[in-house]
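Structure first, then comments.
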Amino acid sequence: MSKELKEINISAKSETTFAERLWVIIPVVLLVGLFSTLVYNHYAEFSWNGFLAGFNQEFLIFFCIGIFAQLVDGTLGMGYGATSTSFLLAYGIPPAISSTGVHVAEMFTTGVSAISHHRFGNINKKLVRHLLIPGVLGSIAGAYLLSDVIDGDMIKPFIAVYMIALAIIIIRKALKKNIIKKKTKKLGILASFGGFMDAVGGGGWGPIVTSTLLGNGRNPRYTIGSVNAAEFAVAFASGVTFMLFGGIQGWQVIIGLILGGVIAAPIAAILVNKIKRKPMMILVGILIIVLSLKTLSKLL
């Protein structure tokens, strides 16, 4: 009898170990497959001369944006899209290229972020499962509209206003006191809306989903880790949709954001419990407002 129990325990342990490994294996396989597909389909653009020519002042700017945006997102659980899109729009990058660049880059940065958060035990798997499919469906719908239906130049001022609204949400959540823990209802609707707005506006998954969950009193460590893990699937879905319907433009933007974000992701996962959230949330919110006002001033 004891031998049978021992065998059952060993079998259960091996199944658990395999399930744990899937949280790392799936992102790695998807990222390797994505990178291989990009190189295969666009190998002419990956020439050595083109590669060297791309390393200029503009690339350095996109690289720094990638580092800063990922540090913000990984430590606060929000702000990658809002921060990077605000910087890119303020720098003069068109909305469609900005959103495509941000989401293709996020396919890599959120993958590394998800693996890092899993490594440091920051993920609530049940919460991830609730957010995953609705978030993916919302992001696909938003990416399709922006890449194939909506005129990016026409909605540029609306995106800037949307970014200001996200920034106000971030600051408001930071200033909120005495948060009472309560159950979050309709997680699916929340995730769908977050995914849709993230794809259309170039940001919003974190400020909408993370801020709502934290506002309901959820544990910051597991909320941030879980929302970041789900964001990998959301970003992957919208990134693939952008590539299918709009193609890929702005390689400098994409590569700069990817390299900066991949470097910063593990650092952010370590800092998630060490950094003071409220002051940083307020600073990030103010920064996004300033950048969005700069974008609006150019359009008026």
Side-chain angles (χ1 to χ4, degrees), residues 22-46 62 66 69-70 73 80-82 84-85 88 93-115 128-129 131-150 152 155 159 188 191-206 208-209 227-262 265:
L22 281 177
W23 287 85
V24 176
I25 292 169
I26 291 173
V28 169
V29 169
L30 288 173
L31 291 177
V32 170
L34 172 66
F35 183 75
S36 303
T37 304
L38 290 175
V39 172
Y40 179 77
N41 290 333
H42 302 274
Y43 63 89
E45 299 170 46
F46 283 91
F62 301 141
Q70 187 57 43
D73 189 74
Y80 181 90
S84 51
T85 301
L88 292 172
I93 306 297
I97 294 177
S98 295
S99 197
T100 302
V102 167
H103 285 91
V104 173
E106 275 190 313
M107 292 163 82
F108 290 90
T109 58
T110 55
V112 175
S113 182
I115 292 168
V128 174
R129 285 193 291 269
L131 298 174
L132 210 61
I133 294 174
V136 165
L137 294 175
S139 70
I140 290 173
Y144 169 71
L145 286 175
L146 184 62
S147 60
D148 208 47
V149 178
I150 301 171
I155 66 163
I159 293 175
S192 297
F193 180 67
F196 179 82
M197 294 307 296
D198 186 80
V200 172
W205 174 256
I208 291 170
V209 180
V227 174
N228 268 262
E231 190 176 15
F232 169 62
V234 171
F236 205 93
S238 57
V240 168
T241 306
F242 276 120
M243 287 190 284
L244 287 173
F245 291 99
I248 299 180
Q249 304 173 59
W251 278 107
Q252 269 191 321
V253 175
I254 294 169
I255 301 299
L257 292 177
I258 287 172
L259 290 178
V262 166

*With rounding to the nearest 0.5 Å, note down the distance linking CG in Asn228 to CD in Gln70.*
7.0 Å
*Could I get the full list of ring-ring contact (aromatic ring centres under 6.0 Å, His included) partners for Phe62, not counting sequence neighbours?*
Tyr91
*From Ile255 CD1 over to Phe108 CZ, what is the distance, rounded to the nearest 0.5 angstrom?*
7.5 Å
*Quick one: are Tyr80 and Leu257 in side-chain contact, heavy atoms under 4.5 Å?*
yes
_Test your reading of the model: is there a side-chain donor-acceptor pair from Ser98 to the backbone of Ile93, 3.5 Å cut-off?_
yes
*With rounding to the nearest 0.5 Å, note down the distance linking CG in Asp198 to CZ in Phe193.*
11.0 Å
*Minimum heavy-atom distance between Glu106 and Ala235, given as atom pair plus value*: CB-CB, 3.6 Å
_Is it the case that over 12 heavy atoms from other parts of the model lie below 6.0 angstrom from the CG atom of Leu137?_
yes
*So which heavy atom on Val253 is nearest to which on Gly101, and how close?*
CG1-CA, 4.3 Å
_Is the shortest side-chain heavy-atom distance between Leu145 and Phe196 below 4.5 Å?_
yes
*So, does Ser238 use its side chain to make a donor-acceptor pair with the main chain of Ser139 at under 3.5 Å?*
no
_Minimum heavy-atom distance between Ala237 and Ile140, given as atom pair plus value_ = CB-CG1, 3.8 Å
*Do Met107 and Val240 come within less than 4.5 Å of each other through their side chains, counting heavy atoms only?*
yes
*Go through the structure and list residues passing side-chain contact (heavy atoms from CB on, under 4.5 Å) with Ala191, not counting sequence neighbours.*
Leu131, Pro134, Trp205
*Set of side-chain contact (heavy atoms from CB on, under 4.5 Å) partners for Leu132, sequence neighbours left out*: Val128, Ala230, Ala233
